[in-house]
Protein chains: 2
Amino acid sequence: MDVPAPPTRPARARATLLSLAQAAGVSISTVSRALRGDARISPATRRRIDALAAEAGYAPNALARTLLGGRSGLIGLVLGPMQNPFYPALLEELVAQAAERGLRLLLLHAGEGSMDDRTAQALLQYQVDGCLVTSAALPSRIAAICAGNDVPLVMINRVAREHGAAVCCDNAEGGARLADFLLAGGHRRFAVVGGNADTSTSLDRERGFVERLAARGVALACRFDGGATREGGWAAGERIAAMPPGERPDAVFAVGDGLAMGLIDALRAGAVPVGASVEGEGVEAAGAVSVVGFDGVAAALRPPYALTTIVQPLRAVVRRGLDLLLARMEDPAAPDELVTLRGTLHVGRSARLPAGAATGASHGDAGRETG
Amino acid sequence: MDVPAPPTRPARARATLLSLAQAAGVSISTVSRALRGDARISPATRRRIDALAAEAGYAPNALARTLLGGRSGLIGLVLGPMQNPFYPALLEELVAQAAERGLRLLLLHAGEGSMDDRTAQALLQYQVDGCLVTSAALPSRIAAICAGNDVPLVMINRVAREHGAAVCCDNAEGGARLADFLLAGGHRRFAVVGGNADTSTSLDRERGFVERLAARGVALACRFDGGATREGGWAAGERIAAMPPGERPDAVFAVGDGLAMGLIDALRAGAVPVGASVEGEGVEAAGAVSVVGFDGVAAALRPPYALTTIVQPLRAVVRRGLDLLLARMEDPAAPDELVTLRGTLHVGRSARLPAGAATGASHGDAGRETG
DNA sequence: TTGAAAGCGTTACCAC
DNA sequence: GTGGTAACGCTTTCAA
């Protein structure tokens, strides 16, 4: 192991402006300008340099660029627990859209636990241009750091307690819309399977639902705590299946699609028919329970769930989240802004239809902004 | 908007070595040394500088450091589709362990689609020290870039076709172990629900299972294509539930826990009892079907699934993946290495037990290395 | 149209 | 113990 023999490939140093300049017999300024498309470089020189760069596989050093005082192009990302199937979907969309805008995501945290100091420091050390947060629990910590260092922060699918920019779906309105749909379907006994008590998202959905019911003179028959997991939905479903048919609710709102899918599984396992049963093309089994959810994750929309749910305008949510962040990078003094996007009611077969309604249609102005 | 009035907070520039040096009345070398704990700085000076740095919220500029020729501390991360519940779990573990080692993850890609050129370039532009890949489809592209630029690359839960370092669970052995378990339980008609045909992971699991059966003189009764989704598991379950009890397999191996959970849901919805039925504490219902999975994701281990499955040693997989990567950063000429970790058989209640076996136990040497 | 040089924040080497 | 200085790769004046 002491032999200084070269490895298989001589490990050539990576190309830099200097190395290209020397190869081309020009100055590094010229190379820099040529590669950035500066107008005052002669076509001949440019071609020569371009060719050289391509051959060498030159990639500009983003770190050196940043040092000059420009943007780093890095966005800090803080993710909450990933059990909720909405978040993996959000992640995919976010990575794609960030890339389209030439931004890279620095993954600072994922999961339930809290962030250690070193990670929080990384946000500063790597000169992130901004920060995106989807976690319910962590924002306070990271928000403080961002605020103290002029790092813009935007929350996605969350609303900050005190301040901060955020984009999220109109949760209360969605809950209300679902209540309307179920009421129109002639349901009479309503239940809610709630989510995490500390997320504005869950609370708003439930509140919107319950208040709309109340406005129509209907009170909730029962309520279950579901947490954020499919497992929680199953537990609630088991309890509902165990109720005597007379007491059993005929319509259940699970505040997230994960919950709703677990709920449906439990009902089916308990031989309780769900919604306009999958078999019977609209012909509803006796004692069927209607289930509605919220989020519109792909797995919930398709069979075997065919969930009636509010579909979050995921692309628009992410797009506006990045818009907000970029705007705050331009102008750090921009006031806090809250963007609320209306979801779309997707009508599946997990809930009885109002007379005359058709399955599969989507209602509502997807992505229209309010607030 | 033309008023040049200062924003709420005067947006003080971030502290640097220079600003601290001026404040402390010393040179930047001294500040640098003091903050890095260099021995030859007088205690008094150090205290003064530490205090100043703390007050200013100083964070060293990782980009400037990297420019000096050191490590960037950045690891490029390429994630495949996130529907498989194993990947969100892997992501959480990876972020945590990377942070422990002082590494940050630059999220380059997530999802099914292919990577665009700009993203691939980012890998070079941000001077990543190495690259981690969990995707089945993308590696060839990114592998080429890494190989051409001396960026070490390690695959997690995947084995590269040609070359590259990788760490993954012993898939074939796990499949074989499950076959043994089911054979010992007295099952006679076996089925497999396969995964993506282009992932070594799925193929190895299935092969290990089938070959062990063959070695015991048993042939597969039937096989289903499940893809990588829970939905695929459900579809297979529906078809199994629809079979006449005589033809129906009495043991099914779904090559991933997501598949297995979907499968169980479908069986239960079809009133087909699963394993040592949840109700009957070991008392098995007539015509019960045993289901086993692979991965050991948290949701599958707990009720309502209580899946018998091979638990991947997730912590160890991630740890060894980072080990491999760090080793290759030290010595870029290190030969390709393949680390295979044995999983643990977790015995739940989704499959009939061999006579005398106990539920809940875990068997096997978790994380022992082979190859 | 091109080149030289300053400077971004840091570390390391060499003086003092 | 501490200070000066060069260097990392790049962009951007300012000169020519």
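Source: prediction; values computed, not measured. Keep in mind that the numbers below use all heavy atoms, side chains included, and drop hydrogens, waters and symmetry copies. Per chain, numbering begins at 1; letters A, B, ... match sequence-line order.
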Separation of dT11(D) atom P from Gln125(B) atom CD, nearest Å, is 10 Å
In whole angstroms, the gap separating P of dC8(D) from CG of Leu17(A) amounts to 13 Å
Review point. Using a cut-off of 4.0 Å on non-hydrogen atoms, how would the nucleic acid contact of Arg36(B) be classed: base, sugar-phosphate, or nothing?
Key: sugar-phosphate
Review point. Do any side-chain nitrogens or oxygens of Thr45(A) fall under 4.0 Å of OP1 or OP2 in dT2(C)?
Key: yes
Taken to the nearest whole Å, CD1/Ile28(A) to P/dG3(C) is 11 Å
So, is Ser27(B) close to the dT2(D) phosphate, meaning a side-chain N or O under 4.0 Å from OP1 or OP2? no
Original post:
Which part of the nucleic acid, if any, lies within contact of Ser29(A), taking any heavy atom under 4.0 Å across all strands shown: a base, the sugar-phosphate backbone alone, or nothing?
Top reply: base
With the side chain defined as heavy atoms from C-beta on, Ala64(B) is closest, among dT10(C), dG3(D), dT13(D), to dT10(C)
Atom CG of Leu18(A) and atom P of dG9(D) are separated, to the nearest Å, by 8 Å
ask   = Closer than 4.0 Å, any side-chain N/O of Ser42(B) to the OP1 or OP2 of dT2(D)?
value = yes
- Does Pro81(A) offer a backbone N or O that forms a donor-acceptor pair with the side chain of Glu92(B) under 3.5 Å? no
message = Strictly distance-based, threshold 3.5 Å: is any side-chain N or O of Arg328(B) a donor or acceptor partner for the main-chain N or O of Pro335(B)?
response = yes
Are any side-chain N or O atoms of Thr340(B) and backbone N or O atoms of Cys168(B), one a donor and one an acceptor, separated by less than 3.5 Å? no
### Task
Please state whether the phosphate of dC10(D), meaning OP1 or OP2, lies under 4.0 angstrom from any side-chain nitrogen or oxygen of Ser32(A).
no
So what does Arg65(A) hit on the nucleic acid, given a heavy-atom distance under 4.0 Å: a base, only sugar-phosphate, or nothing? sugar-phosphate
Here the distance between atom P of dG9(C) and atom CG of Leu63(A), to the nearest Å, is 14 Å
| query | Does one side chain, of Asn157(A) or Tyr87(A), offer a donor that lies under 3.5 Å from an acceptor on the other? | reply | yes
Taking only N and O in the side chain of Tyr58(A), is any of them less than 4.0 Å away from OP1 or OP2 of dC10(D)? yes
For the side chain of Gln97(B) and the backbone of Arg315(B), is there at least one donor-acceptor N/O pair under 3.5 Å apart?
yes
Rounded to whole Å, the CG-C1' distance (Leu35(B) to dT2(D)) equals 15 Å
Could a donor-acceptor pair under 3.5 angstrom be found where the side chain of Arg46(B) meets the base of dG1(D)?
-> no
Looking at Asp331(A) and Ala333(A), would you say the former's side chain and the latter's main chain have a donor-acceptor pair under 3.5 Å? yes
Taken to the nearest whole Å, CG/Leu20(B) to P/dT11(C) is 12 Å
>> Using a distance-only criterion (donor-acceptor N/O pair, under 3.5 Å, no hydrogens), is the base of dG9(D) paired with the side chain of Arg14(A)?
In response: no
Quick note, Leu68(B) side chain, CB onward, closest among dG3(C), dG9(D), dC8(D) is dC8(D)
Using a heavy-atom cut-off of under 4.0 Å over every strand shown, decide if Ile41(A) touches base, sugar-phosphate, or nothing. sugar-phosphate
In whole angstroms, the gap separating P of dC8(C) from CG of Asn61(A) amounts to 18 Å
